[in-house]
Novice: 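Sharing a structure with you now.
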Amino acid sequence: MGFLDTIKGKLNRGKAEDLARQHGDQVKGGMDKAGGALDERTGGKYGDQIRGGEEKAKGSYDEWKGGDQGS
C-alpha cells in the first residue's frame with residue numbers, strides 16, 4: 001500500500017466516523033433491524049443472546065461516540 005492509499009484510507013475513515021456520529025439514531029436503528037432479522041432467521045431460538053448483543057453494540061457505540069446518548 002502506497003503513501004497516497006494510506007492517506008485516502010484515513011480520510012475515508014474520518015468521513016465514516018463523522019457520518020456515524022451525526023446519524024446515531026440511524027446507526028442504532030440498523031442494529032435493531034439486524035437483530036430482528038437474525039431473531040427471525042433463527043426462529044427466536046437465540047432471541048435473548050441477540051438482544052444482549054444489540055445492547056452491547058449500542059453501549060459500545062455510545063462509548064465510542066463519547067457518551068452522547070442523544071443521537
Novice: Taking V27 as the starting point, is it possible to reach L19 by hopping between hydrophobic residues whose side chains are less than 4.5 Å apart?
Specialist: no
Novice: Nearest 0.5 Å, please: how far is OG in S60 from CD in E55?
Specialist: 11.0 Å
Novice: As an exercise, state the distance from CD of E40 to CD1 of I50, rounded to the nearest 0.5 Å.
Specialist: 10.5 Å
Novice: One thing to verify: whether D39 and K45 come together as a salt bridge, which I'm taking to mean a side-chain N less than 4.0 angstrom from a carboxylate O.
Specialist: no
Novice: At what distance, to the nearest 0.5 angstrom, does CZ of R21 lie from CG of D18?
Specialist: 7.5 Å
Novice: Does this structure show an ion pair linking D48 with R51, if we count only N-O contacts that are shorter than 4.0 Å?
Specialist: yes
Novice: Taking atom CD of Q49 and atom OG1 of T42, what is their separation to the nearest 0.5 Å?
Specialist: 9.0 Å
Novice: So for atom CD, which belongs to E17, do other residues, nucleotides or ligands contribute more than 12 heavy atoms lying within a distance under 6.0 Å?
Specialist: yes
Novice: Closest approach of K58 and K28, non-hydrogen atoms and distance?
Specialist: CE-O, 4.0 Å
Novice: Tell me the closest heavy-atom pair linking G24 and Y61, and the distance in Å.
Specialist: CA-OH, 3.1 Å
